[in-house]
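Just below is one structure, and these are the notes that go with it.
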Amino acid sequence: MNILYLLIGFSILLALIFLAAFFWASKSGQNDDTYTPAVRMLFDDEVQEKIEDIKSDEDHV
Amino acid sequence: MIIEKNIAQETQCYHCGDDLPNTPYMVDSKSFCCLGCKGVYQLLSNHNLGNYYAYNDVPGQTQKNKASHFEYLDEAAIAANLVDYTDEKVSVITLYIPAIHCSSCIWLLEHLHQINPAVIQSRIDFLKKQVVITFKNQELSLRKLIEILASIGYEPLISLQDVVKKQKSDHSEGHLIRKIAVAGFCFGNVMLLSFPDYFGLSALEQEFRTFFGWLNLAFALPVVFYSGRDYFISAWNNLKNGILNLDFPLALGIAVMFIRSIVEIVGNTGAGFVDTLCGLVFFLLIGKWMQQHTYHHLSFERDYRSYFPVAVTLIEGEKERPLPLNELKVGNRILIRSNEIIPADAILLKGEAEMDFSFVTGESLPVKKVLGEVVYAGGRQLKGAIELEVVKPVSQSYLTQLWNNEAFFGDKTMIRTFADRASKYFSIVLLSIAMGAAAYWMLHDDPSKAVASFTAVLIIACPCALALSSPFTLSAVLSIFDKNKFYLKNTAVVEELARINTFVFDKTGTITNPENTGFTFEGHITAEEKQWVNDLARNSGHPLSRELVKWLNRPAKYTAVKYMEKVGRGISGMINGNELKLGSASFLGLKMKSPTQGAAVHIIINNRYLGFFCSKQQWRSGFKDLIFKLGKDADLHLLSGDQDQDKQTLIPFFPRAQQMHFAQSPQNKLDYIHNLQQSGRKVLMFGDGLNDAGALKQSDLGIAVTDNINNFSPGCDAILDGASFQKIPMFIKQAKDAVKVIHISFGISLTYNAIGLYFAVQGMLSPLIAAVLMPISTITIILFTSIAVRLYAKKNQLL
């Protein structure tokens with residue numbers, strides 16, 4: 001049963017790592033803006049030639 | 001589908017979606033309503049930023065009324081105040097851009113580097129409508145950067161107050177979240193470690209009991225000393241001032257739980273109350289977080305400084321230079337260009353002044369000023385450039401001296417919430433029960449039970465559910481109001497709203513709708529003739545013409561030829577072969593009296609007089625109904641800055657004539673509210689302009705009514721979108737119901753407390769009972785308040 005001491009130690013260590021990760025995220029401002037990144041990831045990187053693609057997409061509807 | 005779409009595009013500006021004029025501006029077979037919109041489109045397509053139009057249809061804002069000057073940004077002192085960070089190479093600046101409204105805005109503003117490579121990075125915070133720009137300051141000056149933004153239609157709002165505001169941007173929210181994270185982390189682990197004890201350990205497992213106990217204690221340390229610290233500080237500060245607030249029994253409960261857990265675990269006499277302690281702090285902090293809800297895009301603290309420009313153009317002999325506003329002195333000659341704001345009371349020396357005082361009074365019709373006349377601060381010049389001589393310092397002007405009034409110093413007296421008042425009695429009763437139980441067991445010669453019962457009472461009666469009932473109820477109300485476009489500064493405002501018994505209204509812009517002037521036609525006119533009037537008036541920029549076109553509300557059919565406009569007097573032209581003249585009686589050579597109310601637009605078609613359109617102010621929709629409902633159990637007053645020409649039409653709404661006051665200065669309004677309060681009334685003020693700012697501040701609850709919540713609104717406790725104006729009685733009913741919900745949930749949590757106390761006074765409270773009772777009561781309260789508030793909102797037609 002002594003293995004429990006080790007297991008509990010590990011489980012708390014793991015939880016502490018998650019807590020530290022949350023602190024880091026909070027400090028580095030990742031929770032400040034919860035809306036814009038969701039929109040930003042939908043933008044296409046390439047600008048040239050894309051205009052035509054998107055316009056023609058709309059016409060398929 | 002395709003055909004429909006093309007038609008839609010042909011009648012709308014490709015950039016901003018406004019109706020097209022008869023001769024639209026064309027580029028690349030796309031049509032634009034004005035040169036500004038066309039310019040933005042050309043600029044964007046030259047820099048391969050055409051995607052802007054792909055993500056949304058007509059993403060732009062109209063460019064018709066834009067003319068801003070940013071010379072003042074070249075002044076090092078001003079620029080230094082605005083930037084967040086600067087070194088030899090790069091500068092970082094945070095700008096507030098009200099025009100941000102869709103995903104195209106995000107896309108375009110984050111691709112600024114394609115317009116000017118000196119921009120290293122630009123990041124948008126959409127909800128706050130802010131953009132953080134990092135740029136190479138050697139290659140791009142601040143002024144140039146702002147001018148680029150303005151040229152693509154995203155002019156930032158730069159004002160003195162925003163400069164000040166930035167320095168005290170708060171980090172408290174981040175702190176609270178971290179405290180919640182720590183409390184939640186400890187709560188979860190402690191629960192895990194406490195469970196074995198509750199379910200019973202076999203003899204083999206007994207050796208873990210001490211180990212788990214010590215681990216629990218270790219988890220309790222950060223909860224008490226980091227997460228729960230604020231409760232001790234607040235309780236202590238309040239105690240020093242002789243106030244018993246809800247934080248006192250909370251802090252006492254936390255402290256007693258912690259100490260008793262140490263004693264039990266160290267002395268190996270029990271499991272302690274660590275799980276209850278962690279859960280308590282965790283739930284309490286969540287309640288606090290709910291209460292801290294803020295609207296990032298709204299500001300409730302604005303005064304004239306956030307409306308006035310940062311700098312003004314000073315004329316020194318032949319030279320012009322920008323001067324920071326706080327250095328402006330009496331006797332300075334200043335140049336005000338079209339669309340700029342007069343920052344201080346000044347005498348008009350040169351030029352034609354036509355001022356828009358809508359931000360000050362709410363009145364949208366422009367006012368003309370003649371040479372030598374004093375122009376009050378706060379007006380926006382509509383025509384060309386004018387020269388003025390300052391006669392009063394900025395802070396002493398007719399309008400701005402209002403802010404020297406004592407009402408603006410110090411905070412508004414704290415709103416006394418129900419929880420504040422109830423907690424005083426709660427603490428006293430709690431302490432006496434604890435003492436009574438201890439005394440009883442002492443008399444029966446059982447000191448150990450005396451200590452046990454004393455501490456148990458303080459633990460079990462710790463008013464967790466009580467402390468949560470207000471925040472959860474009120475934040476639910478806030479989110480319901482939010483859906484109905486009524487934005488409150490904080491949760492305490494809801495309780496204040498429930499107590500109001502006197503309503504004071506401003507007239508222009510508050511109960512009248514500045515966007516919506518109505519017309520009546522005196523005489524006879526056919527539909528076809530109305531069409532001609534519409535097509536002629538469409539060409540004019542005069543506010544009356546614009547209102548008339550809006551009111552006639554029909555698409556353009558004919559093109560006007562031989563169009564002529566005598567500014568401020570009338571217009572003429574040929575429509576479909578007919579000769580039309582619209583304008584004032586003198587312009588048309590008519591000899592007649594003008595109507596008593598409003599302005600008249602006379603019509604002559606083919607030399608035949610048809611009659612005149614008479615403009616009249618329109619009350620906001622639902623105003624009659626609103627007054628009727630509110631008047632049933634509250635006093636109504638009217639304070640207007642205008643003359644009393646509308647008095648007769650208002651008498652049906654405000655039956656007691658002594659409660660209507662006209663020609664009131666901003667100071668008069670403030671004093672009037674103060675007098676009402678002196679006679680023991682709880683006053684709610686509805687206002688919209690800067691001239692109401694004093695009254696809004698002085699009143700128990702100031703509500704700013706606005707048609708565009710992103711526009712300027714004076715400092716207030718709540719902002720109401722004009723579209724929801726008729727819902728005011730429902731809001732008040734909802735606030736009263738919310739207070740009812742709080743009372744009921746207080747009752748519920750007191751019942752739970754009574755059950756716990758039954759065990760506690762007998763000295764037989766086990767950690768298990770505490771660990772079950774605390775979360776159950778908390779969850780009951782959270783469920784009850786959120787469901788009850790929503791049911792009431794349904795009943796009040798707010799959901």
Side-chain angles (χ1 to χ4, degrees), chain A, chain B residues 1-2 5-6 44-45 47-55 57 100 102-111 114 123-132 169 171 173-182 184-186 188-189 192-193 196 202 204-205 207-208 211-212 215 218-219 222 296:
Chain A
M1 285 300 275
N2 282 342
I3 195 71
L4 264 185
Y5 289 110
L6 195 64
L7 285 177
I8 287 172
F10 277 139
S11 81
I12 291 173
L13 191 69
L14 196 65
L16 273 174
I17 291 171
F18 283 126
L19 184 68
F22 180 80
F23 261 62
W24 168 76
S26 167
K27 272 228 170 82
S28 63
Q30 294 185 29
N31 300 323
D32 290 354
D33 182 2
T34 49
Y35 181 86
T36 324
V39 179
R40 189 180 291 136
M41 65 181 252
L42 297 174
F43 294 139
D44 299 306
D45 285 336
E46 221 175 319
V47 176
Q48 249 127 11
E49 304 300 317
K50 281 284 175 197
I51 306 160
E52 295 309 312
D53 288 356
I54 291 161
K55 278 288 169 202
S56 59
D57 263 3
E58 282 181 356
D59 290 342
H60 286 304
V61 179
Chain B
M1 184 77 198
I2 300 169
K5 195 169 174 112
N6 285 341
L44 295 184
S45 61
H47 288 93
N48 282 324
L49 290 169
N51 257 1
Y52 179 58
Y53 300 99
Y55 289 111
D57 278 345
I100 294 175
C102 68
S103 53
S104 287
C105 305
I106 302 177
W107 183 83
L108 178 62
L109 289 175
E110 297 200 342
H111 285 78
Q114 273 178 265
R123 294 294 257 188
I124 284 203
D125 188 327
F126 186 78
L127 297 180
K128 293 183 190 161
K129 294 181 188 273
Q130 279 178 352
V131 58
V132 180
S169 65
H171 296 286
E173 196 178 7
H175 276 301
L176 184 60
I177 298 245
R178 271 171 245 156
K179 280 178 183 165
I180 293 175
V182 168
F185 161 79
C186 294
N189 279 291
L192 206 67
L193 296 171
S202 66
L204 186 70
E205 293 151 355
E207 57 173 308
F208 289 111
F211 174 59
F212 287 165
L215 267 183
F219 280 123
H296 290 298

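Across all non-hydrogen atoms, the minimal contact from R40(A) to I124(B) is NH2-O, 3.3 Å. P222(B) and V182(B) get closest at one heavy-atom pair: CB-CG1, 4.0 Å.
Looking only at distances, a side-chain donor or acceptor of T36(A) sits under 3.5 Å from a matching main-chain atom of F126(B).
Residue contact with chain A, scored on non-hydrogen atoms closer than 4.5 Å, involves the side chain of L215(B) exclusively. For chain A, the nearby part of N189(B) is the side chain; its heavy atoms alone come within less than 4.5 Å.
Within residues 7-15 of chain A, the residues that have a heavy atom under 4.5 Å from a heavy atom of chain B are I8(A), I12(A), A15(A), listed by number.
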Item to check | H111(B)/H47(B) under side chain to side chain contact (heavy atoms under 4.5 Å, CB included): CA gap, chis, key distance, verdict | outcome: CA-CA 10 Å; H111(B) 285 78; H47(B) 288 93; over 6 Å; no
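Note that CG of L109(B) and CD of Q130(B) are 13.0 Å apart. Values are rounded to the nearest 0.5 Å.
Heavy atoms of other residues, nucleotides or ligands lying less than 6.0 angstrom from CZ of F23(A) number more than 12.
Of the listed residues (L16(A), T34(A), L42(A)), the greatest number of heavy-atom pairs within a distance under 4.5 Å of chain B belongs to L16(A).
Between W107(B) and F43(A), the two ring planes are perpendicular [angle over 60°; tilted spans 30° to 60°].
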